[in-house]
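Here is the structure we will look at.
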Amino acid sequence: MTANTLRVAIVDDHPIFRNGLARSLSDEPGFEVVGEGASAADAIALFSQHRPDALLLDLSMPGGGHHALRAIIKDDAAATVIVLTASEEDSDLFDALKEGAKGYILKGVNASTLVSAVRNVVAGESYVSPSLAARILTEMKGDGAQPHPAPARNPQEDALALLTPREEQILGLVADGNSNKEVARQLSLQEKTIKHNMTRILQKLKARNRTEAAMFLRDARSRS
């Protein structure tokens with residue numbers, strides 16, 4: 001194991017899926033699977049014992065994945081818990097994000113996407129499966145957090161107008177699904193430069209994470 005190795009724990013009550021995932025990640029350079037479990041109690045114990053860099057957690061399991069997620073975040077608010085589930089229910093998605101999950105990935109994702117998502121989340125980014133990401137913006141519109149009185153201009157459009165051309169270019173690439181590293185490569189910039197720009201973008205848009213910021217831009221594009 002090297003200093004850059006990502007230590008991962010996997011909790012899922014389907015042994016065939018769990019064992020296959022563990023083998024796939026163990027074969028991936030830079031990954032070490034430090035533990036496996038099949039219940040909420042296992043998840044809590046594994047996190048307490050190993051303090052993994054990321055814990056992949058199913059929601060449907062004995063004791064409940066939501067219970068495990070809340071307990072782990074209560075123990076360590078900085079814990080990186082990534083939900084890996086078959087559930088596309090809005091309640092599971094929004095509850096998991098509110099409870100502190102750093103990512104929400106649907107089962108069936110290919111191995112390369114999963115590996116990339118885990119790396120990015122551990123690096124401080126967030127990840128929601130693209131098929132679910134649009135629901136986050138819909139929820140934000142519906143909860144009263146972003147009122148849109150007619151004929152007033154969309155607040156996100158006003159905020160987007162504050163972005164520099166470079167920041168808008170970077171956000172556009174992020175909205176297309178690129179990681180910071182991929183954006184840096186496409187623009188011939190250093191990855192840390194992209195991270196600094198993303199920090200400014202989130203501040204200007206008052207977005208909680210890059211997923212929200214990307215959805216603001218997509219929504220603005222759909223209006224234009």
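- One finds the CG atom of L97 at 9.5 Å from the CG atom of L132 (value rounded to the nearest 0.5 Å).
- Judged purely by atom type and a 3.5 angstrom limit, N178 uses its side chain to pair as donor or acceptor with the backbone of L173.
- Checked by atom type and distance alone, the side chain of R210 never pairs as donor or acceptor with a backbone atom of V174 at under 3.5 Å.
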* To do: Before giving the answer on side-chain contact (heavy atoms from CB on, under 4.5 Å), spell out for V81 and F47 the whole-Å C-alpha distance, their side-chain angles and the decisive distance to 0.1 Å.
  => CA-CA 10 Å; V81 179; F47 181 80; 5.7 Å; no

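- Considering all non-hydrogen atoms of both residues, V83 and A96 come closest at CG2-CB, 4.0 Å.
- For R7 (side chain) and V34 (main-chain N/O), no donor-acceptor pair under 3.5 Å exists by modelled atom type.
- With hydrogens and angles disregarded, a donor-acceptor distance shorter than 3.5 Å links the side chain of S129 to the backbone of L106.
- Taking the ring axis of Y127 as reference, the NZ or CZ atom of K102 does not stay both within 45° of it and closer than 6.0 Å to the ring centre.
- Checking side-chain atoms of T193 against main-chain N and O of L189 turns up no donor-acceptor pair under 3.5 Å.
- Between the side chains of S60 and D58, not a single donor N or O lies within less than 3.5 Å of an accepting N or O.
- Looking only at distances, a side-chain donor or acceptor of D42 sits under 3.5 Å from a matching main-chain atom of A38.
- Taking 4.5 Å as the limit, some side-chain heavy atom of L171 sits within range of a side-chain heavy atom of L205.
- With S48 contributing its side chain and I44 its backbone, the two residues share no donor-acceptor pair below 3.5 Å.
- Going from atom CG of L6 over to atom CZ of F31 covers 5.0 Å, rounded to the nearest 0.5 Å.
- With Q186 contributing its side chain and V183 its backbone, the two residues share no donor-acceptor pair below 3.5 Å.
- The distance from atom CD of E88 to atom OH of Y104, rounded to the nearest 0.5 Å, is 8.5 Å.
- Listed for the T199 side chain is a donor-acceptor partner under 3.5 Å among the backbone atoms of K195.
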* Chi angles and distances behind the side-chain contact (heavy atoms from CB on, under 4.5 Å) call for N180, E125 -> CA-CA 9 Å; N180 286 345; E125 302 178 10; 2.8 Å; yes

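- Of the possible donor and acceptor atoms, none in the side chain of Q49 sits under 3.5 Å from a partner among the backbone N and O of L46.
- Hydrophobic clustering keeps L57 apart from V122 (ILVMFWY residues linked when any side-chain heavy atoms are closer than 4.5 Å, directly or through intermediates).
- Once rounded to the nearest 0.5 Å, the distance linking CD1 of I10 with CG of L55 reads 9.0 Å.
- Atom NZ of K107 has more than 12 neighbouring heavy atoms from other residues, nucleotides or ligands inside a 6.0 Å radius.
- D75 and R51 are joined by a salt bridge, as a carboxylate oxygen and a charged side-chain nitrogen come within less than 4.0 angstrom of each other.
- In this structure, the separation between CZ on F216 and CD1 on I201 is 12.5 Å, given to the nearest 0.5 Å.
- The environment of CD in E182 is crowded: more than 12 heavy-atom neighbours from other residues, nucleotides or ligands sit within 6.0 Å.
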* To do: Applying salt bridge (charged side-chain N to carboxylate O under 4.0 Å, His left out), run through K204 and E167 and close with a yes or a no.
  => CA-CA 10 Å; K204 288 182 178 181; E167 289 168 348; 2.8 Å; yes

* To do: Dump the intermediate steps for side-chain contact (heavy atoms from CB on, under 4.5 Å) on I170 and L163, then the final yes or no.
  => CA-CA 10 Å; I170 289 171; L163 300 182; over 6 Å; no

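- Interatomic distance, T85 OG1 to D12 CG, rounded to the nearest 0.5 Å: 8.5 Å.
- The shortest distance between side-chain heavy atoms of I73 and E99 does not fall below 4.5 Å.
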* To do: For side-chain contact (heavy atoms from CB on, under 4.5 Å), just list the numbers for V8 and D53, CA-CA rounded to whole Å, side-chain angles, deciding distance to a tenth of an Å, and then say yes or no.
  => CA-CA 6 Å; V8 179; D53 297 310; 5.9 Å; no

* To do: List the steps and the verdict of side chain to side chain donor-acceptor pair (under 3.5 Å) for R166 and Q169.
  => CA-CA 5 Å; R166 174 65 83 182; Q169 181 183 33; 2.8 Å; yes

